[in-house]
Protein chains: 2
Amino acid sequence: MKDLLKQINKAFDNKIRLGIMSVLVHKKSATFNEIKDLMGLTDGNLSSNASVLEEGGYIEIKKQFIKKKSNTSYHITEKGKISFKLHLDALSKIIQGKYDTKS
Amino acid sequence: MKDLLKQINKAFDNKIRLGIMSVLVHKKSATFNEIKDLMGLTDGNLSSNASVLEEGGYIEIKKQFIKKKSNTSYHITEKGKISFKLHLDALSKIIQGKYDTKS
DNA sequence: TTTTTTTACTTTGCAAACAAAAGTAAAACA
DNA sequence: TGTTTTACTTTTGTTTGCAAAGTAAAAAAA
């Protein structure tokens, strides 16, 4: 269990960032407003949590202009995919009690 | 997704408290030292997190003396069982992408 | 027997993490 | 031309988390 707890990735151990990663795993790409509306977040909350994921190299933030309007979209990185899977595996084992009760 | 995020229980949204609940769901009862060793926690860390779960009414803390030594054991409550299940259900849906991408 | 160490916890205090509010900048509208 | 809206980012006050310090009793040592 000790080892499983160490495998919990701090970047994903927050419901908002977990949600963002989940969306990007399933959708491959999403815009700022899509995620914001889907998750019911405030602008600041999404912005700062996305930054944490970007700083860790788990997602990429692409800023472009569509019809003179800025448009920010999020994409999962290869590192993000791998790390998120490892995180979910550990989480799943903790929840399902798949650890030795002796250590 | 918004609704699922609201169903995430703050008391369980922390890896240590999630781990404690997992142990107590599977074992029904465990002592301070059992959990501490199993999870590799410091005394203070276990004590304070267990208090959070107790204050929420999710676990019961029983203190007794065994051969003149104090012995603290933890047990899940009925409320704990129900609430934890609801939490895990929401978590699982978020992870598996079981939400409408339109809201 | 007193003193020191160990066991079994709880409380405190400081650092890190959150989230709402405030701020910025450009476009659209009136 | 100003003022409102859109699309974000940054700041700031609060909450949370965790290690270290504290407490108290038993056991071991001296």
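Naming: A, B, ... by sequence-line order, numbering from 1 per chain.
A salt bridge links K85(B) to D89(B): at least one charged side-chain nitrogen sits closer than 4.0 Å to a carboxylate oxygen.
In this structure, K10(B) reaches the sugar-phosphate backbone alone: every heavy-atom distance under 4.0 Å involves primed, P, OP1 or OP2 atoms, never a base. Nucleic acid contact class of L46(B) (heavy atoms, under 4.0 Å, all strands): none.
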Mind listing the N/O atom pairs, protein and nucleotides 4-12 of chain C, below 3.5 Å?
from: dT7(C); atom 1: O4'; to: K69(B); atom 2: NZ; distance (Å): 3.4
from: dT7(C); atom 1: O3'; to: K69(B); atom 2: NZ; distance (Å): 3.4
from: dA8(C); atom 1: OP2; to: N33(B); atom 2: ND2; distance (Å): 3.1
from: dA8(C); atom 1: O3'; to: S70(B); atom 2: OG; distance (Å): 3.3
from: dC9(C); atom 1: OP1; to: T72(B); atom 2: N; distance (Å): 3.1
from: dC9(C); atom 1: OP1; to: T72(B); atom 2: OG1; distance (Å): 2.1
from: dC9(C); atom 1: N4; to: D43(B); atom 2: OD2; distance (Å): 3.2
from: dT10(C); atom 1: OP1; to: K63(B); atom 2: NZ; distance (Å): 2.5
from: dT10(C); atom 1: OP2; to: S47(B); atom 2: OG; distance (Å): 2.6

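Of all non-hydrogen atoms in A11(A) and L53(A), the two that sit nearest each other are O-CD2, 3.8 Å.
The phosphate of dA17(C) has neither OP1 nor OP2 within less than 4.0 Å of any side-chain N or O from R17(A). For dG17(D), one of the phosphate oxygens OP1 or OP2 lies less than 4.0 angstrom from a side-chain nitrogen or oxygen of N14(B).
Counting only heavy atoms from C-beta outward, the side chains of H87(B) and S83(B) never approach each other to under 4.5 Å. Side-chain contact between L91(A) and I95(B) is present, with at least one heavy-atom pair separated by less than 4.5 Å.
Remark: P of dC18(C) and CG of L53(A) are 11 Å apart, rounded to the nearest angstrom. In this entry the distance linking NZ of K67(A) with P of dC29(C) reads 12 Å, nearest Å. Nucleotide dG17(D) holds its P atom 9 Å from the CD1 atom of I16(B), rounded to whole Å. What separates NZ of K15(B) from C1' of dA17(C) is a distance of 14 Å, to the nearest Å. One interatomic measurement links the two molecules: CG of L18(B) to P of dG17(D), which rounds to 13 Å at whole-angstrom precision. The nearest whole Å value for the distance from the CE atom in M39(B) to the C1' atom in dG17(D) is 14 Å. Spacing between atom CD1 of I20(B) and atom C1' of dC18(D) amounts to 13 Å, rounded to whole angstrom units.
Remark: Y58(A) pairs with F12(A) by the ring-ring contact (aromatic ring centres under 6.0 Å, His included) rule, at least two apart or across chains.
A tilted orientation is assigned to the rings of F32(A) and Y74(A), their planes being inclined by 30° to 60°.
For the pair T42(A) and F65(A), both in contact range of DNA chain C, the more 5′-proximal nearest nucleotide belongs to T42(A).
Hydrophobic cluster of I82(A): the remaining members, joined at side-chain heavy-atom separations below 4.5 Å, are L86(A), listed by chain and number.
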